[in-house]
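Atoms considered below: every heavy atom in the structure, side chains included; atoms not considered: hydrogens, waters and symmetry mates. Sequence positions, counted from 1, serve as the residue numbers for this chain.
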Amino acid sequence: MACGQSVPESQVHLLALSTTVVYEWLCPWIPCIGVDSVKAALRAHAVSGNFQVGLAIQTASVRTDSPDAPALLDNTTQVGEGEKCTGVVSIASTTAGKFFVRFGLGYSLSSGSTPGQADVSTSLVYTQCGQVLGSRSFALDTSTSSDGFALISGWVPALLAQKMKAVVICRSLTGNFEWKLAYRTATTSKENPSGWTALDANYHGAGELDSGEVSLSIDSEMWVQFGLQYHSTSGAGQAQVDCVVAIRRS
C-alpha cells in the first residue's frame, strides 16, 4: 500500500478573461481513500495583466459524471509573476465523505477586465495511505427474508483496514429487495471466519450510496472481508447492484 503519489509536472498557457475562476485539471479522477493532504509548486512566468492562479480541487460522491462544484484551496494563490510552494494543505475533511477527487488550477483576473495570461508550470504530490480493493456487479434475486451475502472483496489484512469506504448503486429493483454493507473477520485462519456484521443500521433500496469513511474495530483479527447483505421483506425481489470498496489506515 503506497502512502503517496505525484502528478507528472505540467506546463500550460492560461488566458484569463474575467474575475470569474476557470479551471484546468492536472490529473484524472482518482479514488480519494486516504487522500488527506496535498502540496504543489506553482510557477507563473511570462505574465501579463492581473493574472492569478491557485490550486483547485473537485470531488464526487459516487459518480464522476455528477461531481461537486470545484473550488480553490485556501492560501495557494500566486498573484502575478513568481513562484510559490503551497506547503502542506489538509483536505481530509473534504475527501473523507467522498469517493473521487481530482486536482487542478483555478485561474482568473485579480481585478479589472483586461485579459491576462501566463505560462504556468505545476508540480503536485498528495498523500494516500489507502487502496481500492475492487469492484463487483451483481444481479441479485431472493424470495426470503433470510439474509443472503454477496462477496465484494477477497480476504485482506485487517491491519490495513482500520477504515473502509464504499460506493453502491442499486438499480432495476423490483419487489421488496433490500441491502446493506457488511463484513466478516478471521482471527487466525480464513477457513474459520466469524459471522457477518452489518456496517449499516438500516437496509437500503434503489439509489446511490457513498458510505463515507467507516471505522472498524478489528485490531484483534488477522483478516477481514467485505460483502453485501440482502433479503426481501416479503415475496420475491431482485436488483442490479454495483459496488466498489476501499480501505485505509487511520
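- In terms of modelled atom types and a separation under 3.5 Å, the side chain of Asp200 and the main chain of Leu181 share a donor-acceptor contact.
- Side-chain atoms of Arg249 come within 3.5 Å of backbone atoms of Leu159 as a donor-acceptor pair (strictly under, hydrogens ignored).
- The main-chain N or O of Lys98 is found under 3.5 Å from a side-chain atom of Lys165 such that the two form a donor-acceptor pair.
- Between Ala186 and Glu221, the shortest heavy-atom distance links the atoms C-OE1, 3.6 Å.
- Under the 3.5 Å distance criterion, the side-chain polar atoms of Ser153 are matched with a main-chain donor or acceptor of Phe226.
- In this model, no donor atom of one side chain and acceptor atom of the other lie less than 3.5 Å apart for His204 and Glu178.
- Nearest heavy atoms, Ala246 versus Val132: CB-CA, 3.9 Å.
- Partner Gln229 forms a side-chain hydrogen bond (donor to acceptor under 3.5 Å, both in side chains) with one of Trp179, Trp196, Tyr203 and no other, that one being Tyr203.
- Gln225 places no side-chain N or O within donor-acceptor distance of the main-chain N or O of Arg184, the cut-off being under 3.5 Å.
- Proximity of a side-chain donor or acceptor of Gln162 to a complementary backbone N or O of Ser215 within less than 3.5 Å is not detected.
- Side chain to side chain, Ser232 and Asn176 fail the donor-acceptor criterion of an N or O pair below 3.5 Å.
- Distance alone, capped at 3.5 Å, places no donor-acceptor pair between the Thr185 side chain and the Ser194 backbone.
- In this structure, Ser211 contributes its side chain and Ala166 its backbone to a donor-acceptor pair below 3.5 Å.
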